[in-house]
Colleague: 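The structure under discussion is supplied below as structure tokens; questions concerning it will follow.
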Amino acid sequence: MSQFWKPGTEKPRLVDDEEGGVLFFTPSPSFSSGYGYASIEKQRQRLPVYKYRTAILYLVDTHATTIIVGETGSGKTTQIPQYLKEAGWADGGRVIVCTQPRRLAVQSVASRVAEEMGVKLGEEVGYTIRFEDVSNPDVTRVKFLTDGVLLREMMDDPLLTKYSVIMVDEAHERSTSTDILLGLLKKIQRRRPELRLIISSATIEARLMSDFFRRSKKRRDHESDEPGPQVEPAILSVEGRGFNVEINYAEEPAPDYVQAAVSTVLLIHEREPAGDILVFLTGQDDIDAAVQLLTEEVRTNGKKSSGFIVLPLYSGLPRADQELVFSPTPRGKRKVVISTNIAETSLTLEGIVYVVDSGFSKQRFYNPISDIENLVMVPISRASARQRAGRAGRVRPGKCYRLYTEEYFLKHMSDAAIPEIQRSNLVSCIIQLKALGIDNILGFDWPASPSPEAMIRALEVLYSLGVLDDDAKLISPTGFQMAEIPLDPMISKMIIASNQFGCSEEIITIAAVLSIQSIWVSARGIQREMDEAKLRFAAAEGDHVTFLNIYKGFLQSGKSSQWCHKNFINYHSMKKVLEIRGQLKRIAQRIGIALKSCESDVQVVRKAVTAGFFANACRLEAYSHNGMYKTIRGSQEVYIHPSSVLFRVNPKWVIYTSLVSTDKQYMRNVSTIDPSWLMEAAPHFYQQQRPHHLH
DNA sequence: GAGCACTGC
């Protein structure tokens, strides 16, 4: 069991043995009880960032861009916007804005700042996330947003003129919207010398950020005569408030990391003092397997391992099950949380003292040549490994057990993960840039440039959707309408087309359902019951019309959660469908789409779906006995997914709206079509085809 | 008869 390492026999190593490690500051005891009894002002002064207050204000005043390297618990996110406010950056009706990658962070940071400033949330301090605007343009002076919302705001105000200082927090996470935002902010900066940027990043990305904002396409001496702040970015490091984390490496690579993780948990439980354990694995399968192994251990090994509670954690888990991990650990027990990457950044668990790191995670990769997205298990980066280890040092000194060797960590892991934008389909991102007037996509100054293949593929798709002209310029008004809709352009095209077909009400419902994960409850082992439930709504025309039946049933039940439960439908998903549908309805009206229902004429619904997804039309192979289809344009081999209502029905002509790529390419969400609709919907796309292919 | 890392507008 202990063949991988021997905790206690190895000399402890601290996280800071590596260049740019995460956690190496021990706070004085008075810090650790959170906000305690001290006055708010005293608490603010105790935060590590406080002693840099003057330095930060000076740098922001004199530099166009300031990069803040702030470790966990430095207080940068809540304090810097307040310092800026106190220094007068919000005077004269100007606004200080701070972006976050996640909605929950926006809400919690905004409410903390409002509390510290002693104001009502939504007045002087406010926030905006999708579906929720808690701000007042007349009085809000400090505002928190998701970076996606700020990008959307640029469609109305391309230079973001309201804002005096823009702080981009957690920039090192390199989400697609953060990267696009950084590229655009750099452009805005040239037009607005009075604007100040603060980029908050972990150590690993600070140099990259600085280089990005330094390098200029214009000649530097041209700018040096101009008055204003220094163009050269400033970098300031602020220490955090984590505790020491001792790192233990495996002595040799583990052949089976699930088994190794389980053994390690048992070893910690046996030898180490109280404290909860967090295990990082890759996905639901791994996690369920580990939970089962540990549960069996408790059953067979009785007393020795009885003192722990094993809990899985991943985003697909029902909400109530997820919340179990936040319940306090009973006295004398040890909580073992087996998690995906969700616990790396999105959720913070208190009370974790031991971390077990498998060294792997799942990442999505997009192949622009085949136009297929794949979920792949890959080794994590060193930055990620440090972040995971840091989760053990939040309440007191902790330990991290890495299920890989130190040599592997040092020599084979990359510094940082590949930015999302280099692993993604770019169609949505490029139409957004085009709408903002960025026409030279290949020449856009990205923090990390996507591959030319991916950019060209995205341009081809937009061209085929009829929104780009021969000069690759956005066609007005369709292109701009499409960019207004916050969905994949193929779905947006379907919505715009529904206007002519008189079925916008139905299509907007379908669009809302397609943009959530799944409307069915996620559970294994109840497949039969679920299939039966599905049959109650199944339409011969396919999954899209089935969605309409479900939505109708949900409305007729009075939006009842019991009705959902009875029919194996996820109530939270349906509520989300209602929210998205509401937003899409407002946007549709704004861009001139009449809300109209086709009542029971479902043929026009499928025609509208075809108008957006014509590229995904497939025909059943004539001599296929296993349900093999081929896409008409690319002759790619695809199959109907077993969860589709058309599974085993195998109609001759179908169209799909999403593809999952596992051992085969499975079409998910499939409708039957008449091939003549394809020529109607996209003559330019199918005119090269020989006519007999469409019979 | 199969399978879903994680965000976000």
Side-chain angles (χ1 to χ4, degrees), chain A residues 99-106 128-133 145-155 170 173-181 280-288 313-317 339-347 358 360-365 373-378 380 384 417 420-421 423-424 428-429 431-432 435 483-489 491-492 511-512 515-518 520-525 527-528 530-531 534 570 576 579-580 583-584 586-587 626-627 639-644 646-650 658 660-668:
Chain A
T99 73
Q100 296 290 322
R102 283 170 294 279
R103 299 156 48 111
L104 195 67
V106 168
T128 309
I129 55 180
R130 188 183 187 181
F131 309 130
E132 210 181 336
D133 183 7
L145 306 171
T146 46
D147 32 27
V149 168
L150 190 60
L151 273 181
R152 288 279 155 195
E153 284 195 358
M154 290 180 73
M155 307 257 267
E170 314 286 3
E173 287 188 21
R174 308 296 305 275
S175 72
T176 302
S177 34
T178 306
D179 269 22
I180 300 172
L181 188 61
F280 285 103
L281 296 181
T282 63
Q284 190 175 345
D285 281 343
D286 287 353
I287 291 169
D288 289 347
L313 178 64
Y314 43 85
S315 91
L317 210 59
S339 173
T340 59
N341 254 3
I342 193 170
E344 197 179 302
T345 46
S346 306
L347 293 180
S358 66
F360 290 99
S361 71
K362 282 188 186 171
Q363 282 191 1
R364 196 177 53 201
F365 279 88
E373 280 182 340
N374 259 309
L375 206 55
V376 192
M377 201 175 85
V378 291
I380 59 169
S384 206
E420 190 189 6
I421 201 150
R423 298 184 279 113
S424 307
S428 301
C429 136
I431 196 170
Q432 227 174 327
E484 282 276 314
I485 304 173
L487 299 173
D488 184 292
I491 300 183
S492 309
S515 55
I516 58 159
Q517 300 239 341
S518 168
W520 301 101
V521 287
S522 66
R524 294 176 184 187
Q527 248 53 56
R528 211 167 38 99
M530 206 147 129
D531 285 354
K534 227 173 250 186
N570 187 326
K576 219 180 271 174
E579 272 189 325
I580 296 173
Q583 187 194 22
L584 294 179
R586 285 191 297 277
I587 293 171
N626 61 346
Y639 297 82
I640 294 180
H641 194 277
S643 66
S644 167
L646 293 181
F647 179 66
R648 279 203 287 235
V649 177
N650 291 336
S658 58
V660 288
S661 176
T662 51
D663 57 326
K664 287 178 186 167
Q665 315 295 341
Y666 286 104
M667 302 182 266
R668 200 177 239 176

Colleague: Using a cut-off of 4.0 Å on non-hydrogen atoms, how would the nucleic acid contact of A:S175 be classed: base, sugar-phosphate, or nothing?
Modeller: nothing
Colleague: Under the side chain to side chain contact (heavy atoms under 4.5 Å, CB included) test, which residues partner A:F360, sequence neighbours left out?
Modeller: A:Y257, A:T282, A:S358, A:M377, A:P379
Colleague: Could you pick out which residue, A:T662 or A:P101, lies toward the 5' side of DNA chain B when each is mapped onto its nearest nucleotide?
Modeller: A:T662
Colleague: If you look at every strand shown and take non-hydrogen atoms under 4.0 Å, does A:N374 touch a base, only sugar-phosphate, or nothing?
Modeller: nothing
Colleague: What nucleic acid atoms does A:I342 come within less than 4.0 Å of, heavy atoms only: base, sugar-phosphate, or nothing?
Modeller: sugar-phosphate
Colleague: Under the side chain to side chain contact (heavy atoms under 4.5 Å, CB included) test, which residues partner A:I516, sequence neighbours left out?
Modeller: A:I519, A:S573, A:K576, A:V577, A:I580
Colleague: State which residues pass side chain to side chain contact (heavy atoms under 4.5 Å, CB included) with A:T176; sequence neighbours excluded, sorted by chain then number.
Modeller: A:I180, A:E420, A:I421, A:S424
Colleague: Check every strand shown and say whether A:D285 touches a base, only sugar-phosphate, or nothing at a heavy-atom separation below 4.0 Å.
Modeller: nothing
Colleague: Need one value for A:L151: base, sugar-phosphate or nothing, where a base atom within 4.0 Å counts as base even if backbone is also close, heavy atoms only.
Modeller: nothing
Colleague: Chain A on DNA chain B: first and last contacting nucleotide, 5' to 3', under 4.0 Å to a heavy atom?
Modeller: B:dG1 to B:dC9
Colleague: Got a sec, which residues hit side chain to side chain contact (heavy atoms under 4.5 Å, CB included) with A:S518, two or more places apart in sequence or on another chain?
Modeller: A:W520
Colleague: If you count the non-hydrogen atoms of other residues, nucleotides and ligands that lie under 6.0 Å from CD in A:E132, is the total more than 12?
Modeller: yes
Colleague: Regarding A:R130, tell me which of base, sugar-phosphate or nothing describes its non-hydrogen contacts under 4.0 Å with the strands shown.
Modeller: base
Colleague: Which part of the nucleic acid does A:S361 contact within heavy-atom distance under 4.0 Å: base, sugar-phosphate only, or nothing?
Modeller: nothing
Colleague: Which part of the nucleic acid does A:R103 contact within heavy-atom distance under 4.0 Å: base, sugar-phosphate only, or nothing?
Modeller: sugar-phosphate
Colleague: Go through the structure and list residues passing salt bridge (charged side-chain N to carboxylate O under 4.0 Å, His left out) with A:E170, not counting sequence neighbours.
Modeller: none
Colleague: What's A:Y314 touching, base or sugar-phosphate or nothing? Going by heavy atoms closer than 4.0 Å.
Modeller: sugar-phosphate
